[in-house]
Student: 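One structure, as structure tokens, below. Some questions next.
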Amino acid sequence: MNLATKLDTSYHDRRQARRLKEDPEFRAEFERQRREIAQIDAVVRQLDELREEAGMSKAELARAIGKEPSSIRRFFTADVNPELKTVAAVADVLGARVEVVAAKTSRAKRDGKKRAPRAAAA
């Protein structure tokens with residue numbers, strides 16, 4: 001296929017629009033995944049900005065955390081779901097930290113659920 005050829009996705013776009021309108025479960029899952037992707041993208045963008053401010057190349061950052069340069073290029077450019085361990089390592093090298101900040105009302109609180117504490121790894 002010629003790279004200049006644009007794929008016709010109109011059928012899929014119409015199907016998705018119909019399902020979003022007609023299927024509440026599909027719509028809820030679609031929105032949950034959209035929020036998840038947006039959060040991941042925001043973290044990766046912020047780490048990339050910190051990398052640029054630090055004057056580090058992607059290859060230098062990769063060496064600093066013991067990864068292949070290609071994996072760090074993918075980390076910053078591909079639609080991937082990065083490992084939390086890699087996110088934490090990148091943040092550490094860049095002098096940042098990863099935090100989870102509770103939203104105004106967490107889903108667990110809305111649902112009246114409590115999570116059991118995780119056991120610490122020895």
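Atom set for the values below is all heavy atoms of this structure, side chains included, hydrogens, waters and symmetry mates excluded.
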Student: Grab the two heavy atoms, one from L61 and one from R51, that are nearest each other, plus how far apart they are.
Tutor: CD2-CD, 3.9 Å
Student: Would you call D48 and K58 a side-chain contact if the rule is heavy atoms closer than 4.5 Å?
Tutor: yes
Student: Knowing that exactly one of I40, V98, V44 qualifies, which makes a side chain to side chain contact (heavy atoms under 4.5 Å, CB included) with V87?
Tutor: V98
Student: Would you find a donor on one side and an acceptor on the other, under 3.5 Å apart, between the side chain of T9 and the backbone of H12?
Tutor: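 Between the backbone of H12 and the side chain of T9 there is no qualifying donor-acceptor contact (under 3.5 Å).
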Student: Of all the heavy-atom pairs spanning V93 and A64, show the shortest one and how long it is.
Tutor: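 Where V93 meets A64 most closely, the heavy atoms are CG1-CB, 3.9 Å.
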Student: I'd like a table of donor-acceptor pairs (distance under 3.5 Å, sequence neighbours excluded) in which one partner is a side-chain atom from residues 67-84, with atom names and distances.
Tutor:
from, atom 1, to, atom 2, distance (Å)
K67, NZ, T86, OG1, 3.4
S71, OG, E68, O, 2.7
T77, OG1, R73, O, 2.6

Student: Would you indicate whether Q46, at its atom CD, is surrounded by more than 12 heavy atoms from other residues, nucleotides or ligands within a distance under 6.0 Å?
Tutor: no
Student: Suppose we screen for salt bridge (Lys or Arg N to Asp or Glu O under 4.0 Å). Which residues come up paired with R14, at least two apart in sequence or across chains?
Tutor: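 Here no residue qualifies.
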Student: Roughly how far apart are M56 CE and L50 CG, rounded to 0.5 Å?
Tutor: 11.5 Å
Student: Heavy atoms only: give me the nearest I65-A89 pair and the separation to one decimal.
Tutor: CG2-O, 3.6 Å
Student: If a pair satisfies salt bridge (Lys or Arg N to Asp or Glu O under 4.0 Å) and one of its residues is in residues 17-29, list it, with sequence neighbours excluded.
Tutor: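 Found R18-E22, R19-D23, E29-R32.
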Student: Measuring from F26:CZ to E31:CD, what's the distance to the nearest 0.5 Å?
Tutor: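 Result: 10.0 Å between the selected atoms.
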